Protein chains: 2
Amino acid sequence: MALSRNEDQRVSLHTVERLSVYRRKLEELSHEGVEFVHSHQLATMVGVTPAQLRRDLASFGSYGNIARGYEVAKMITTISRILGTDKLQNVGLVGVGDLGRALLSYRGFEERGFHIAAAFDIDPAKVGRLFAGRRCYHLDELEPVIAQSNLRIMVLASRPEGLQDIIDRAAAAGVRAFLNFVPRTTVTPPGCFIERIDISAKLEKLSFLVKQQEQCT
Amino acid sequence: MALSRNEDQRVSLHTVERLSVYRRKLEELSHEGVEFVHSHQLATMVGVTPAQLRRDLASFGSYGNIARGYEVAKMITTISRILGTDKLQNVGLVGVGDLGRALLSYRGFEERGFHIAAAFDIDPAKVGRLFAGRRCYHLDELEPVIAQSNLRIMVLASRPEGLQDIIDRAAAAGVRAFLNFVPRTTVTPPGCFIERIDISAKLEKLSFLVKQQEQCT
DNA sequence: CGCCTCCTGTGATTGACTTCACAGTGAAAT
DNA sequence: ATTTCACTGTGAAGTCAATCACAGGAGGCG
Ligand SMILES: NC(=O)c1ccc[n+]([C@@H]2O[C@H](COP(=O)([O-])OP(=O)(O)OC[C@H]3O[C@@H](n4cnc5c(N)ncnc54)[C@H](O)[C@@H]3O)[C@@H](O)[C@H]2O)c1
Ligand SMILES: NC(=O)c1ccc[n+]([C@@H]2O[C@H](COP(=O)([O-])OP(=O)(O)OC[C@H]3O[C@@H](n4cnc5c(N)ncnc54)[C@H](O)[C@@H]3O)[C@@H](O)[C@H]2O)c1
């Protein structure tokens, strides 16, 4: 529902989401000096079954040593290569509001291979200024900046009005994927991907679970 | 993986997530004066198949009029009741950093039935101050404020250090559900639910998809 | 050297969600 | 009144992911 294209891939998208989790835990282990880890160890640490972890790793041909387990360092680089985060890549941001500024000042993205290289807004009070060292461009400059900074991924944190237009323009200018925080349904341009983060919906899901649990009592 | 309990429920969690999307679109339609909507209309608007929409609505006994479709106003209140957002409920927030302040100043939560009633931090520069009208308490006051404001849901936007401790204390004080923005694996206390929002992981997923698509070319 | 133990990788199975397809139905039209 | 039409609700089929369970293998140890 959230995504458009889903053609024959070697690795399932569920697996890809778990790879992020594995990698983060593996990096923790690496910092602690751990060199090898068994499937059941890592699995219990991140809350999956050992069988699922093995299957996830096997889906791209893993190198688990039967006696010693998986090599932590090698697994980190392998997962990074699969995710495409082995090199720092530029991403764009539309909407320098409260949320957009929080994203701009967050250091965690750089650690994971993402650099917010450019921001866009329409508010004259923001255009031209620097936010956490990054220039805020007017939305009119979307196309040239996308080309110049080679943006393939764009984060959407503006207002709902005109969102589809921004998506279509960005897609035409070369953006292939969108991370959308704006609670509005969108049409995914052909060849593109849109991933939604709907915080209110997550709260509603939790509210449902709490309510359901109370009723079961 | 993200959730702990998943006992025999009448409505599937996938359905619940879609209910949020349906409700948002239904509210838009309601504002436009639409009174009835057919499954295929609403389905194409939110990007699901008509069959899935009908099944989702049927899973809690829906009232679709065969000739006119579903009654928009009635469906909104029904979904709200299912999600437990028909009455405004208090939620807590831990961590008044960049992200926490963005969440505090966001008006959208109130519209969906959630009121961030209290915030917690450990930074002396923040404790005691007001943020968007809400008081920031010291983490030491977690338990009494949870009881006083009747918090069942808590949003986590602090640093990774000590996160599990906060969760355990909040759970012991009566919190049943957590929305966690902090990229650290957690242990879910019995009877509780934790929903993660991992923004970096979403970017990694998009990075994977873009990379995969380029390779397919 | 041979046995034993424990782990990985994977075929097979189960379970869950989605999609298909159609019977039943109510309203409008004639 | 009857026919027609399009839509809903749902059994059945299909699809996909998670889990089970075990064959095979690598090292440790006597
Ligand atoms: N802040 C949150 O906690 C939160 C939570 C969930 C969802 N969201 C969503 O994220 C989006 C941003 O939230 P926010 O709190 O930062 O809002 P905000 O009002 O603080 O900021 C919105 C920014 O987008 C800019 N903008 C508006 N239209 C634009 C356009 N067409 N092109 C470029 N920029 C444009 C505005 O000038 C403003 O700077 C909203 O759609 C909101 O619904 C925010
Ligand atoms: N800002 C983002 O865009 C973003 C994106 C993804 C994830 N996150 C995660 O969200 C969390 C908050 O991000 P941020 O950018 O607001 O960070 P931040 O450093 O701006 O704010 C963290 C806040 O939490 C407080 N804090 C630290 N330890 C605490 C504790 N034990 N109890 C209560 N409060 C405590 C700090 O005093 C500070 O006010 C981080 O864990 C971060 O990894 C943030």
Side-chain angles (χ1 to χ4, degrees), chain A residues 1-22 26 29 34-72 74-75 78-79 205 208-209, chain B residues 1-22 26 29 34-72 74-75 78-79 205 208-209:
Chain A
M1 194 179 77
L3 283 164
S4 59
R5 291 165 62 109
N6 199 352
E7 44 203 51
D8 48 299
Q9 62 236 344
R10 294 140 299 182
V11 186
S12 124
L13 285 184
H14 287 214
T15 297
V16 171
E17 290 178 13
R18 284 189 294 268
L19 287 185
S20 297
V21 181
Y22 301 156
L26 286 165
L29 292 174
V34 179
E35 290 183 23
F36 287 88
V37 66
H38 286 298
S39 65
H40 71 97
Q41 296 173 320
L42 183 55
T44 51
M45 281 188 259
V46 302
V48 300
T49 64
Q52 183 164 59
L53 173 59
R54 288 202 301 274
R55 209 172 261 293
D56 284 340
L57 301 185
S59 70
F60 53 87
S62 65
Y63 310 104
N65 181 309
I66 289 180
R68 290 196 277 176
Y70 299 90
E71 194 178 335
V72 173
K74 187 172 287 182
M75 184 114 339
T78 305
I79 293 179
K205 184 177 175 184
F208 168 83
L209 287 165
Chain B
M1 194 178 76
L3 283 167
S4 61
R5 291 163 62 107
N6 198 352
E7 43 203 50
D8 49 299
Q9 62 236 341
R10 295 141 297 181
V11 186
S12 125
L13 285 183
H14 287 219
T15 297
V16 170
E17 289 177 13
R18 285 189 294 268
L19 287 186
S20 298
V21 181
Y22 301 156
L26 286 165
L29 292 174
V34 179
E35 289 183 25
F36 287 88
V37 67
H38 286 297
S39 66
H40 71 96
Q41 296 173 321
L42 183 56
T44 52
M45 281 189 257
V46 301
V48 300
T49 63
Q52 182 164 60
L53 173 59
R54 289 201 299 274
R55 212 174 258 292
D56 283 340
L57 301 185
S59 70
F60 52 87
S62 64
Y63 309 104
N65 180 309
I66 290 181
R68 290 195 277 177
Y70 299 90
E71 194 178 335
V72 173
K74 187 173 289 183
M75 185 116 338
T78 304
I79 294 179
K205 184 177 175 184
F208 167 83
L209 287 165

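Computed over heavy atoms, backbone and side chain alike; hydrogens, waters and symmetry mates excluded. Keep in mind that what you see is a predicted model, and the values were worked out from it rather than measured. Residue numbers start from 1 in every chain, and the chains themselves are labelled A, B, ... in the order their sequence lines are given, proteins ahead of strands.
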Can you tell me how far C1' of dT8(C) sits from NE2 of His40(A), to the nearest Å?
-> 11 Å
Rounded to the nearest 0.5 Å, the OG atom of Ser12(B) sits from the CD atom of Glu17(B) at a distance of 8.5 Å
Phe36(A) CZ to dA26(D) P: how many Å, rounded?
-> 15 Å
Taking CD from Glu17(B) and P from dA16(C), how many angstroms apart are they, rounded to a whole number?
-> 17 Å
Roughly how many Å is it from CD in Glu71(A) to P in dC7(C), rounded to a whole number?
-> 19 Å
Set of side chain to side chain contact (heavy atoms under 4.5 Å, CB included) partners for Glu35(B), sequence neighbours left out | none
Tell me the salt bridge (charged side-chain N to carboxylate O under 4.0 Å, His left out) pairs involving residues 56-68 of chain A, sequence neighbours left out?
-> Arg18(A)-Asp56(A)
Report the distance from atom CG of Leu13(B) to atom P of dC17(C), rounded to the nearest whole Å.
-> 8 Å
Interatomic distance, His38(A) NE2 vs dT5(C) P [rounded to whole Å] = 17 Å
Leu57(B) atom CG is separated from dT8(D) atom P, nearest whole Å, by 10 Å
Residues two or more places apart in sequence or in another chain: which of them pass side chain to side chain contact (heavy atoms under 4.5 Å, CB included) with Thr44(A)?
-> none
Donor-acceptor pair, Gln52(B) side chain versus Thr49(B) backbone, under 3.5 Å?
-> no
Can a side chain N or O of Ser39(B) be found less than 4.0 Å away from OP1 or OP2 on dC7(D)?
-> no
How would nucleotides 18-30 of chain C be written as a contact map, 5' to 3', with B for base contact, S for sugar-phosphate-only contact and - for no contact, using protein heavy atoms under 4.0 Å?
-> SB-B--BB-S---
Set of residues satisfying side-chain hydrogen bond (donor to acceptor under 3.5 Å, both in side chains) with respect to Arg55(B), sequence neighbours excluded | none
